Amino acid sequence: MSDTPILSVCDVRKTYGGVEVLKGVSFDLARGESKIVIGPSGTGKSTLLRCINLLSPPDGGIVTLDGVRIEEKNINQIRAQIGFVFQEFNLFTHLRVLDNVRLAQRNVLGRSRQEATRRAQKELERVGLADKFDAYPAELSGGQKQRASIARALAMDPKLILFDEPTSALDPELTGEVVQVMKDLANAGMTMLVVSHEMSFAKAAADEVIFMEGGVIVEQGPPDRMFSHPEQARTSQFLQMITHDHQYA
Amino acid sequence: MVFDTLVAEFPYLLHGLWIGIQLLAGLLAMGLVMGLTLSVMSTFGHWSLRLFAVIFERIFRGIPEIVLLLLFFYGVGELIPMSPFVAAVIALGLRSTAYQAQIFRGAIQSVADGEVMAARALGMSRLATIRLVVLPQALRRSIGPWTNEYSSELKATSLAYVIGVVELTRQASYIVSNLQGNTLTVFAVVAAMYFIVNRLGNAGLYALERKLAIPGFEGRGSES
């Protein structure tokens with residue numbers, strides 16, 4: 001790829017309480033590309049995301065965003081450019097949906113109230129929450145909460161968005177609406193790194209699938225190849241399990 | 001007879017009550033500002049700040065109010081002269097700080113970690129996160145436990161009597177000595193006055209709690 005990657009992860013390592021969760025993970029993400037990270041629980045997928053924006057600083061390795069190394073200094077500026085969507089939504093309980101989306105625009109980007117409101121409305125409309133501006137998080141369904149949190153990330157004009165199991169806390173009938181929003185985003189050219197077992201997203205919108213196990217990347221490749229004839233026996237075993245046993249996904 | 005005197009002396013009781021309320025407002029305000037600071041320090045601060053907070057709380061929760069009053073008025077007052085009223089505000093205010101710090105710390109810890117993480121992930125600084133995400137929620141949750149602090153400090157203002165603050169209890173004792181007896185009647189009136197201020201304050205705090213309740217959450221019901 002001629003373009004320099006928007007995100008470059010190089011040999012990232014992380015140890016928790018004596019256990020090495022990430023044993024040197026490297027990959028690149030090009031502008032507009034979306035990759036999905038799959039793998040058994042406890043293989044460091046979520047930790048990997050947290051190591052990227054230093055919510056959980058890595059013990060080793062280098063992460064660069066658009067050519068700039070991500071370090072503790074200026075971390076707030078860097079984080080403002082990286083959207084993060086959590087499994088548990090983590091909307092601000094005390095704020096209406098509109099204010100959830102406005103808060104960091106005002107506080108971090110210094111946008112005017114008017115500008116922040118305009119952007120918040122636009123992004124909430126984009127995720128189908130035009131009628132929920134004044135609702136509080138506790139008044140929303142899980143799927144609506146997750147869409148609101150995606151709007152909150154989008155309003156910051158991020159260079160990429162990290163999704164940490166965005167549908168795992170949702171009832172099965174609510175995952176569809178969130179996955180649809182994510183597919184739309186990927187098709188609109190948003191750069192995304194998604195930890196999820198949502199195979200419908202992987203097949204329809206991911207440019208590449210990364211299979212992780214035991215703190216390392218076992219195999220990565222385009223979804224067609226990964227699903228039809230993966231190189232590693234372990235990959236095909238895992239894919240068979242999650243596609244056949246829907247409960248697991 | 002007694003009642004005539006009581007009616008005549010009532011303005012003094014009211015004035016005493018007013019002094020007591022000023023004392024209460026002063027010490028609660030001091031406890032609020034310092035207690036909140038201490039609770040933020042002990043939750044988010046460097047270990048040395050945390051240690052300071054713990055020691056402060058242990059000391060001021062471990063000394064009787066009356067001893068604190070005497071200590072400040074006669075002890076510290078000897079080095080830095082101060083009026084009985086000021087000494088009472090400081091002595092009771094420091095104690096209230098220790099208790100309020102505990103109330104706020106509990107409330108701060110009850111705010112979901114995930115929301116703090118979300119704020120940080122958006123690029124908000126630690127301080128902005130505390131100010132805009134943690135405290136607005138923690139303060140709402142503090143109102144309930146804070147009603148206890150209000151009640152106990154209102155009653156504690158009567159102790160300022162021992163260092164000569166002319167508040168309600170002291171006014172009452174003046175009237176009793178003038179009347180030579182009738183202690184029961186006079187102190188019954190005083191008790192009723194404390195009771196009414198206590199109820200009104202708590203009713204106001206519960207109303208505030210209901211007004212600030214976040215829609216969609218279980219409220220405290222119709223407590224008041």
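Since the model is a prediction, treat every value here as computed from it, not as a measurement. Below, chain A is the first sequence line, B the second, and so on; all start at residue 1.
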Is [X] close to chain B through its backbone or its side chain, or both, or neither, when contacts mean heavy atoms under 4.5 Å?
| X | result |
| --- | --- |
| R152(A) | both |
| F92(A) | both |
| I75(A) | neither |

(request) Identify the heavy atoms of A138(A) and P215(B) that sit nearest to each other, and give their distance. (result)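 So the two residues come closest at CB-O, 3.9 Å.
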(message) If you count heavy atoms of other groups shown closer than 6.0 angstrom to OH of Y12(B), is the number above 12?
(response)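 Counting other residues, nucleotides and ligands, OH of Y12(B) stays at 12 neighbours or fewer.
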(message) With a sphere of 6.0 Å drawn around CZ of F56(B), does it hold more than 12 non-hydrogen atoms of other residues, nucleotides or ligands?
(response)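 Correct, the count exceeds 12.
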(message) Just to verify, what does R119(A) make a side-chain contact (heavy atoms from CB on, under 4.5 Å) with, not counting sequence neighbours?
(response)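 Listed in chain order: Q105(A), R111(A), E115(A), K122(A), E123(A), D157(A).
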(request) Would you please name every residue forming a side-chain contact (heavy atoms from CB on, under 4.5 Å) with S152(B), sequence neighbours left out? (result)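 With sequence neighbours excluded, S152(B) shows a side-chain contact (heavy atoms from CB on, under 4.5 Å) to E149(B), given in chain and number order.
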(message) Heavy-atom pairs under 4.5 Å with chain B: which of I82(A), N53(A), L140(A), L103(A) has the most?
(response)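 Of I82(A), N53(A), L140(A), L103(A), L103(A) has the most heavy-atom pairs under 4.5 Å with chain B.
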(request) Report the distance from atom CD of E139(A) to atom CD1 of I214(B), rounding to the nearest 0.5 Å. (result)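 It is 10.5 Å, given to the nearest 0.5 Å.
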(request) Supply the atom-to-atom distance R140(B) CZ to T93(A) OG1, rounded to the nearest 0.5 angstrom. (result)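 Spacing of CZ (R140(B)) from OG1 (T93(A)) equals 10.0 Å.
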(message) Sort by residue number and list every residue of residues 109-135 of chain B having at least one heavy atom under 4.5 Å from chain A.
(response)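 If one takes a 4.5 Å heavy-atom cut-off, the residues of residues 109-135 of chain B near chain A are G114(B), E115(B), M117(B), A118(B), A119(B), R120(B), A121(B), L122(B), G123(B), M124(B), S125(B), A128(B), R131(B), L132(B), V133(B).
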(message) Give the interface residues of residues 14-51 of chain B toward chain A, defined by a heavy-atom separation under 4.5 Å.
(response)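 The stretch does not come within 4.5 Å of chain A.
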